[in-house]
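First comes the structure, then the notes that go with it.
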Amino acid sequence: MEASKKEPLVITDKEQMRKWSRAMRSQGKSISLVPTMGYLHQGHISLVREALKLTNLTVVSIYVNPGQFAPSEDLSTYPSDFHGDISKLMSVPGGVDVVFHPPNLYDYENDMKRNKNDQGVCKNLEGKGEVVSCLEESGMGHETWVRVEKLENGLCGKSRPVFFRGVATVVTKLFNIVEPDVAVFGKKDYQQWRIIQRMVRDLDFSIRIIGAEILRDNDGLAMSSRNVHLSAEERGKALSISRSLLGVKSAAENGHINCRELRDSVIQAVSEAGGRIDYAEIVDQESLQAVEEINSPCGVLHCCLVWEGQADR
Ligand code: AMP
(Lines give C-alpha, C1' and ligand atoms only; values in the text may rest on other atoms or scores of the structure.)
Protein backbone atom coordinates (compact mmCIF):
# COMPACT_ATOMS: atom_id res chain seq x y z
CA MET A 1 0.00 0.00 0.00
CA GLU A 2 1.28 3.49 -0.88
CA ALA A 3 2.41 5.53 2.15
CA SER A 4 0.16 8.54 2.72
CA LYS A 5 1.60 11.63 1.08
CA LYS A 6 2.51 14.65 3.18
CA GLU A 7 1.23 17.95 1.86
CA PRO A 8 3.69 20.73 2.63
CA LEU A 9 2.57 23.93 4.29
CA VAL A 10 2.92 26.69 1.68
CA ILE A 11 4.17 29.98 3.16
CA THR A 12 4.39 33.09 1.01
CA ASP A 13 5.06 35.74 3.63
CA LYS A 14 8.57 36.12 4.99
CA GLU A 15 7.46 37.07 8.49
CA GLN A 16 5.26 33.95 8.70
CA MET A 17 8.20 31.90 7.45
CA ARG A 18 10.45 33.29 10.17
CA LYS A 19 7.77 32.71 12.84
CA TRP A 20 7.37 29.08 11.77
CA SER A 21 11.12 28.46 11.89
CA ARG A 22 11.52 30.10 15.28
CA ALA A 23 8.58 28.14 16.71
CA MET A 24 10.08 24.88 15.45
CA ARG A 25 13.54 25.69 16.72
CA SER A 26 12.15 26.59 20.13
CA GLN A 27 10.81 23.01 20.21
CA GLY A 28 14.35 21.75 19.59
CA LYS A 29 13.76 20.86 15.92
CA SER A 30 16.53 21.31 13.36
CA ILE A 31 15.74 22.67 9.89
CA SER A 32 17.20 22.15 6.42
CA LEU A 33 16.70 24.56 3.55
CA VAL A 34 16.85 23.59 -0.13
CA PRO A 35 16.80 26.80 -2.20
CA THR A 36 15.41 26.38 -5.73
CA MET A 37 13.91 28.40 -8.56
CA GLY A 38 11.17 25.79 -9.08
CA TYR A 39 10.19 23.70 -12.11
CA LEU A 40 11.54 20.86 -10.06
CA HIS A 41 13.13 17.72 -11.46
CA GLN A 42 14.82 14.71 -9.92
CA GLY A 43 18.06 16.69 -9.46
CA HIS A 44 16.23 19.00 -7.05
CA ILE A 45 14.52 16.01 -5.45
CA SER A 46 17.92 14.42 -4.76
CA LEU A 47 18.80 17.54 -2.74
CA VAL A 48 15.55 17.19 -0.81
CA ARG A 49 16.34 13.53 -0.07
CA GLU A 50 19.75 14.62 1.22
CA ALA A 51 18.14 17.28 3.42
CA LEU A 52 15.66 14.78 4.84
CA LYS A 53 18.56 12.73 6.19
CA LEU A 54 20.15 15.66 7.98
CA THR A 55 17.52 17.46 10.06
CA ASN A 56 14.10 17.02 11.63
CA LEU A 57 12.35 19.40 9.24
CA THR A 58 12.82 20.42 5.61
CA VAL A 59 11.96 23.69 3.88
CA VAL A 60 12.15 24.02 0.09
CA SER A 61 12.13 27.56 -1.24
CA ILE A 62 10.76 28.21 -4.71
CA TYR A 63 11.67 31.67 -5.88
CA VAL A 64 12.94 32.89 -9.24
CA ASN A 65 15.35 35.56 -8.12
CA PRO A 66 15.25 38.57 -10.46
CA GLY A 67 18.39 39.91 -8.76
CA GLN A 68 20.56 37.36 -10.56
CA PHE A 69 19.20 37.86 -14.09
CA ALA A 70 20.64 40.48 -16.39
CA PRO A 71 17.99 42.32 -18.44
CA SER A 72 19.10 40.34 -21.52
CA GLU A 73 18.61 36.98 -19.78
CA ASP A 74 15.64 34.63 -19.55
CA LEU A 75 13.79 35.87 -16.45
CA SER A 76 10.46 36.22 -18.29
CA THR A 77 10.67 32.77 -19.90
CA TYR A 78 12.04 30.87 -16.91
CA PRO A 79 9.79 27.78 -16.69
CA SER A 80 7.41 27.34 -13.77
CA ASP A 81 4.82 24.80 -12.62
CA PHE A 82 4.04 25.40 -8.97
CA HIS A 83 1.35 22.69 -8.68
CA GLY A 84 3.58 20.18 -10.43
CA ASP A 85 6.37 21.11 -8.01
CA ILE A 86 4.13 20.48 -5.01
CA SER A 87 3.08 17.06 -6.28
CA LYS A 88 6.71 16.13 -6.98
CA LEU A 89 7.62 17.13 -3.43
CA MET A 90 4.67 15.13 -2.09
CA SER A 91 5.97 12.06 -3.88
CA VAL A 92 9.24 12.12 -1.88
CA PRO A 93 9.06 9.55 0.93
CA GLY A 94 8.88 11.52 4.17
CA GLY A 95 7.76 14.66 2.30
CA VAL A 96 8.81 18.21 3.02
CA ASP A 97 7.38 20.37 5.77
CA VAL A 98 7.25 23.81 4.18
CA VAL A 99 7.43 25.28 0.70
CA PHE A 100 8.47 28.91 0.99
CA HIS A 101 7.17 30.65 -2.12
CA PRO A 102 7.42 34.43 -1.75
CA PRO A 103 6.08 36.57 -4.59
CA ASN A 104 8.79 39.23 -4.42
CA LEU A 105 11.68 39.36 -1.97
CA TYR A 106 12.56 42.88 -3.06
CA ASP A 107 9.19 44.38 -2.12
CA TYR A 108 9.60 46.13 1.20
CA GLU A 109 6.14 47.70 1.36
CA ASN A 110 4.88 45.23 3.97
CA ASP A 111 8.01 45.71 6.08
CA MET A 112 7.21 49.40 6.22
CA LYS A 113 3.61 48.64 7.18
CA ARG A 114 4.81 46.21 9.83
CA ASN A 115 7.11 48.81 11.30
CA LYS A 116 4.14 51.11 11.72
CA ASN A 117 2.03 48.36 13.27
CA ASP A 118 3.23 47.19 16.67
CA GLN A 119 0.99 44.11 16.59
CA GLY A 120 3.05 42.76 13.72
CA VAL A 121 -0.03 41.98 11.60
CA CYS A 122 1.01 41.29 8.05
CA LYS A 123 -0.85 40.77 4.80
CA ASN A 124 0.26 38.46 2.04
CA LEU A 125 2.69 40.16 -0.27
CA GLU A 126 1.10 40.90 -3.58
CA GLY A 127 4.31 41.31 -5.54
CA LYS A 128 3.61 44.90 -6.47
CA GLY A 129 7.13 46.12 -5.83
CA GLU A 130 9.34 46.80 -8.80
CA VAL A 131 11.53 44.00 -9.97
CA VAL A 132 15.20 44.35 -9.11
CA SER A 133 17.35 43.21 -11.99
CA CYS A 134 20.99 42.56 -11.29
CA LEU A 135 22.06 45.47 -13.49
CA GLU A 136 19.37 48.01 -12.74
CA GLU A 137 19.37 48.91 -9.10
CA SER A 138 15.72 49.81 -8.97
CA GLY A 139 13.04 48.20 -6.84
CA MET A 140 12.04 49.73 -3.56
CA GLY A 141 15.39 51.24 -2.81
CA HIS A 142 17.19 47.91 -2.59
CA GLU A 143 20.89 48.74 -2.62
CA THR A 144 22.62 46.13 -0.45
CA TRP A 145 24.49 43.35 -2.23
CA VAL A 146 26.71 40.53 -1.00
CA ARG A 147 29.85 39.92 -3.04
CA VAL A 148 32.40 37.12 -2.74
CA GLU A 149 35.03 39.11 -4.47
CA LYS A 150 37.53 36.62 -5.86
CA LEU A 151 35.50 33.45 -6.35
CA GLU A 152 32.76 35.28 -8.26
CA ASN A 153 35.10 36.55 -10.96
CA GLY A 154 36.10 33.54 -13.05
CA LEU A 155 34.19 30.79 -14.90
CA CYS A 156 30.47 31.73 -15.12
CA GLY A 157 31.24 35.10 -13.54
CA LYS A 158 33.30 36.22 -16.53
CA SER A 159 30.38 36.57 -18.90
CA ARG A 160 27.83 37.23 -16.13
CA PRO A 161 29.65 39.81 -14.01
CA VAL A 162 26.93 40.44 -11.43
CA PHE A 163 25.19 37.05 -11.45
CA PHE A 164 26.84 35.76 -8.29
CA ARG A 165 26.18 39.03 -6.51
CA GLY A 166 22.47 38.31 -7.07
CA VAL A 167 22.83 34.70 -5.93
CA ALA A 168 24.82 35.51 -2.77
CA THR A 169 22.36 38.28 -1.90
CA VAL A 170 19.20 36.21 -2.30
CA VAL A 171 20.73 33.26 -0.44
CA THR A 172 21.61 35.63 2.41
CA LYS A 173 18.02 36.88 2.42
CA LEU A 174 16.69 33.30 2.48
CA PHE A 175 19.09 32.38 5.30
CA ASN A 176 17.92 35.37 7.32
CA ILE A 177 14.26 34.55 6.73
CA VAL A 178 14.29 30.76 7.13
CA GLU A 179 17.13 30.59 9.68
CA PRO A 180 18.04 27.01 8.77
CA ASP A 181 20.67 24.81 10.46
CA VAL A 182 21.67 23.22 7.17
CA ALA A 183 21.35 24.29 3.52
CA VAL A 184 21.79 21.94 0.57
CA PHE A 185 23.15 23.05 -2.81
CA GLY A 186 23.93 21.06 -5.95
CA LYS A 187 27.45 20.65 -7.29
CA LYS A 188 25.94 21.03 -10.76
CA ASP A 189 26.31 24.75 -10.04
CA TYR A 190 29.79 24.18 -8.69
CA GLN A 191 30.96 27.78 -8.53
CA GLN A 192 27.72 28.77 -6.78
CA TRP A 193 28.22 26.05 -4.14
CA ARG A 194 31.81 27.18 -3.50
CA ILE A 195 30.75 30.84 -3.30
CA ILE A 196 28.01 30.08 -0.76
CA GLN A 197 30.45 28.01 1.32
CA ARG A 198 32.93 30.89 1.33
CA MET A 199 30.27 33.47 2.14
CA VAL A 200 29.01 31.41 5.08
CA ARG A 201 32.55 31.03 6.41
CA ASP A 202 33.53 34.66 5.89
CA LEU A 203 30.35 36.15 7.34
CA ASP A 204 30.00 33.65 10.22
CA PHE A 205 26.59 32.31 9.29
CA SER A 206 25.77 29.48 11.66
CA ILE A 207 24.63 27.22 8.83
CA ARG A 208 26.17 23.98 7.54
CA ILE A 209 26.45 23.97 3.75
CA ILE A 210 26.11 20.62 2.00
CA GLY A 211 27.12 20.00 -1.62
CA ALA A 212 25.09 17.27 -3.33
CA GLU A 213 26.31 15.32 -6.36
CA ILE A 214 25.05 16.06 -9.88
CA LEU A 215 22.07 14.02 -11.03
CA ARG A 216 22.05 13.19 -14.74
CA ASP A 217 19.45 11.81 -17.12
CA ASN A 218 20.09 8.31 -18.51
CA ASP A 219 21.79 9.79 -21.58
CA GLY A 220 24.32 11.62 -19.35
CA LEU A 221 22.96 15.18 -19.58
CA ALA A 222 22.86 16.96 -16.21
CA MET A 223 19.22 17.52 -15.22
CA SER A 224 18.23 21.17 -15.40
CA SER A 225 14.96 23.11 -15.44
CA ARG A 226 16.17 24.89 -18.57
CA ASN A 227 16.58 21.59 -20.48
CA VAL A 228 12.87 21.94 -21.25
CA HIS A 229 13.89 24.58 -23.83
CA LEU A 230 16.18 22.14 -25.69
CA SER A 231 15.02 20.64 -28.97
CA ALA A 232 15.93 16.99 -29.57
CA GLU A 233 18.76 18.16 -31.84
CA GLU A 234 20.11 20.62 -29.27
CA ARG A 235 19.93 17.97 -26.60
CA GLY A 236 22.01 15.66 -28.76
CA LYS A 237 24.59 18.42 -29.20
CA ALA A 238 24.61 19.24 -25.50
CA LEU A 239 25.56 15.64 -24.77
CA SER A 240 28.99 16.40 -26.23
CA ILE A 241 29.65 18.28 -22.97
CA SER A 242 29.24 15.36 -20.58
CA ARG A 243 30.92 13.00 -23.04
CA SER A 244 33.98 15.20 -23.49
CA LEU A 245 34.24 15.86 -19.76
CA LEU A 246 34.21 12.12 -19.13
CA GLY A 247 36.89 11.81 -21.79
CA VAL A 248 39.04 14.37 -19.94
CA LYS A 249 38.52 12.53 -16.68
CA SER A 250 39.71 9.21 -18.05
CA ALA A 251 42.60 10.87 -19.96
CA ALA A 252 43.72 12.50 -16.69
CA GLU A 253 43.43 9.17 -14.88
CA ASN A 254 45.67 7.69 -17.58
CA GLY A 255 48.40 10.23 -16.95
CA HIS A 256 47.56 13.10 -19.30
CA ILE A 257 48.23 16.01 -17.01
CA ASN A 258 48.58 18.95 -19.38
CA CYS A 259 45.48 21.05 -18.75
CA ARG A 260 45.76 23.09 -21.93
CA GLU A 261 45.69 19.95 -24.06
CA LEU A 262 42.83 18.48 -22.05
CA ARG A 263 40.88 21.72 -22.23
CA ASP A 264 41.45 22.00 -25.98
CA SER A 265 40.11 18.48 -26.46
CA VAL A 266 36.85 19.55 -24.79
CA ILE A 267 36.61 22.73 -26.84
CA GLN A 268 37.19 20.76 -30.03
CA ALA A 269 34.64 18.04 -29.21
CA VAL A 270 31.94 20.53 -28.26
CA SER A 271 32.64 22.81 -31.23
CA GLU A 272 32.52 19.85 -33.62
CA ALA A 273 29.13 18.93 -32.18
CA GLY A 274 27.96 22.46 -33.05
CA GLY A 275 28.08 23.86 -29.51
CA ARG A 276 29.00 27.40 -28.58
CA ILE A 277 31.43 27.48 -25.69
CA ASP A 278 31.42 30.23 -23.12
CA TYR A 279 34.36 28.75 -21.26
CA ALA A 280 36.17 25.49 -20.63
CA GLU A 281 38.65 25.51 -17.80
CA ILE A 282 40.36 23.13 -15.46
CA VAL A 283 40.59 24.79 -12.08
CA ASP A 284 41.60 24.09 -8.53
CA GLN A 285 38.48 22.81 -6.80
CA GLU A 286 38.65 25.33 -3.96
CA SER A 287 40.28 28.49 -5.30
CA LEU A 288 38.70 28.00 -8.76
CA GLN A 289 41.97 29.31 -10.24
CA ALA A 290 43.11 27.72 -13.50
CA VAL A 291 45.85 25.13 -13.14
CA GLU A 292 48.43 24.08 -15.73
CA GLU A 293 48.92 20.48 -14.73
CA ILE A 294 46.86 17.89 -12.92
CA ASN A 295 49.09 16.72 -10.12
CA SER A 296 46.63 15.02 -7.85
CA PRO A 297 44.70 12.12 -9.33
CA CYS A 298 41.85 11.90 -6.83
CA GLY A 299 39.47 14.67 -7.79
CA VAL A 300 41.47 17.56 -6.38
CA LEU A 301 40.62 19.46 -9.50
CA HIS A 302 37.38 20.48 -11.01
CA CYS A 303 36.63 20.80 -14.67
CA CYS A 304 33.89 23.16 -15.69
CA LEU A 305 32.27 24.09 -18.95
CA VAL A 306 29.40 26.14 -20.21
CA TRP A 307 27.08 25.58 -23.11
CA GLU A 308 25.95 29.00 -24.07
CA GLY A 309 22.66 29.72 -25.78
CA GLN A 310 18.96 29.07 -25.31
CA ALA A 311 19.62 25.95 -23.34
CA ASP A 312 21.62 25.82 -20.22
CA ARG A 313 24.91 25.93 -18.51
P1 AMP B 1 17.86 25.91 -9.52
O2 AMP B 1 16.41 25.68 -9.30
O3 AMP B 1 18.32 25.61 -10.91
O4 AMP B 1 18.34 27.23 -8.98
O5 AMP B 1 18.59 24.80 -8.63
C6 AMP B 1 18.36 24.70 -7.24
C7 AMP B 1 19.38 23.80 -6.63
O8 AMP B 1 19.29 22.51 -7.21
C9 AMP B 1 20.82 24.30 -6.85
O10 AMP B 1 21.57 24.08 -5.68
C11 AMP B 1 21.29 23.42 -7.99
O12 AMP B 1 22.69 23.24 -8.01
C13 AMP B 1 20.57 22.12 -7.67
N14 AMP B 1 20.45 21.29 -8.87
C15 AMP B 1 19.88 21.65 -10.04
N16 AMP B 1 20.00 20.66 -10.94
C17 AMP B 1 20.66 19.65 -10.33
C18 AMP B 1 21.12 18.35 -10.73
N19 AMP B 1 20.92 17.88 -11.96
N20 AMP B 1 21.78 17.60 -9.81
C21 AMP B 1 21.98 18.05 -8.55
N22 AMP B 1 21.59 19.27 -8.11
C23 AMP B 1 20.95 20.05 -8.99
Side-chain angles (χ1 to χ4, degrees), residues 32-54 58-70 73-75 77-82 84-86 88-89 92 96 99-102 105 134 148 151 155-157 160 163-175 178 180 182-200 207-230 235 238-239 241-242 245-246 285 288 302 304-307 310-313:
S32 286
L33 171 66
V34 181
T36 81
M37 299 209 296
Y39 208 68
L40 303 181
H41 50 68
Q42 289 305 311
H44 296 111
I45 299 301
S46 70
L47 269 52
V48 172
R49 288 179 197 272
E50 199 60 41
L52 283 164
K53 289 187 228 155
L54 299 170
T58 304
V59 176
V60 173
S61 62
I62 297 181
Y63 179 61
V64 181
N65 171 36
Q68 70 193 58
F69 286 75
E73 292 175 347
D74 59 346
L75 175 62
T77 56
Y78 197 84
S80 71
D81 175 15
F82 186 70
D85 289 348
I86 296 291
K88 281 180 195 139
L89 292 171
V92 183
V96 308
V99 169
F100 179 48
H101 184 48
L105 284 178
C134 68
V148 180
L151 286 182
L155 306 176
C156 294
R160 305 176 80 189
F163 169 70
F164 288 114
R165 176 188 83 162
V167 170
T169 302
V170 82
V171 169
T172 299
K173 284 159 90 60
L174 289 169
F175 284 176
V178 179
V182 173
V184 185
F185 292 84
K187 290 187 193 171
K188 177 178 97 50
D189 301 287
Y190 192 89
Q191 188 174 11
Q192 168 174 289
W193 169 55
R194 286 296 189 198
I195 283 175
I196 300 301
Q197 268 186 330
R198 184 62 55 90
M199 175 186 91
V200 160
I207 299 172
R208 194 170 140 218
I209 303 300
I210 303 295
E213 297 306 323
I214 301 175
L215 212 79
R216 296 178 181 278
D217 273 318
N218 290 339
D219 59 8
L221 195 66
M223 291 180 181
S224 164
S225 306
R226 287 184 172 103
N227 286 353
V228 70
H229 294 312
L230 287 173
R235 190 177 172 99
L239 282 170
I241 299 172
S242 47
L245 288 178
L246 277 175
Q285 64 171 355
L288 305 185
H302 176 72
C304 198
L305 171 98
V306 164
W307 178 281
Q310 257 258 30
D312 197 15
R313 294 162 288 158

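What's counted below: heavy atoms across the whole structure, side chains too, no hydrogens, waters or symmetry copies. Numbering of ligands and ligand atoms starts at 1, following listing order. Numbers for residues simply follow the sequence, beginning at 1.
- Between Y190 and the options L288, I195, L155, a side chain to side chain contact (heavy atoms under 4.5 Å, CB included) holds for only L288.
- Counting heavy atoms under 4.0 Å from ligand 1, residue L47 touches it through the side chain alone.
- R194 places a side-chain N or O within donor-acceptor distance of the main-chain N or O of Q285, the cut-off being under 3.5 Å.
- The closest non-hydrogen atom to atom 17 (C) of ligand 1, taken over Q42, K188, Q68, R226, comes from K188.
- For Y63 (side chain) and L105 (main-chain N/O), a donor-acceptor pair under 3.5 Å exists by modelled atom type.
- Atoms of ligand 1 found under 4.0 Å from any heavy atom of M223, numbered from 1 in the order shown, are 16 (N), 17 (C), 18 (C), 19 (N).
- Close contacts between ligand 1 and I214 involve ligand atoms 20 (N), 21 (C) [criterion: under 4.0 Å to a heavy atom].
- The minimum heavy-atom distance linking R235 with L230 is given by the pair CA-CD1, 4.1 Å.
- Side-chain contact between I86 and V99: present, with at least one pair of heavy atoms (C-beta onward) separated by less than 4.5 Å.
- Applying the 4.0 Å criterion to heavy atoms of P35 picks out, from ligand 1, the atoms 6 (C), 7 (C).
- Between the side chain of S46 and the backbone N or O of G43 there is at least one donor-acceptor pair closer than 3.5 Å.
- Contact annotation: for S225 versus ligand 1, there are no heavy atoms closer than 4.0 Å.
- Residue contact annotation: E213 has a non-hydrogen atom under 4.0 Å from ligand 1.
- Judged by the shortest distance from any of its heavy atoms, R216 lies outside the 4.0 Å radius around the atoms of ligand 1.
- Atom numbering of ligand 1 starts at 1 in the shown order; those under 4.0 Å from a heavy atom of G186 are 9 (C), 10 (O), 11 (C), 12 (O), 13 (C), 22 (N).
- For the pairing with E213, the salt bridge (charged side-chain N to carboxylate O under 4.0 Å, His left out) check across K187, K188, R49 returns one residue only, K187.
- With D217 contributing its side chain and D219 its backbone, the two residues share no donor-acceptor pair below 3.5 Å.
- The shortest N/O to N/O separation between K187 and ligand 1 does not fall below 3.5 Å.
- At under 3.5 Å, a nitrogen or oxygen of M37, whether backbone or side chain, sits near a nitrogen or oxygen of ligand 1.
- The shortest N/O to N/O separation between L215 and ligand 1 falls below 3.5 Å.
- For the residue pair P35 and S61, the shortest heavy atom distance occurs at CA-OG, 3.1 Å.
- Checked by distance only, ligand 1 and V184 stay at 3.5 Å or farther apart across all their nitrogen or oxygen atoms.
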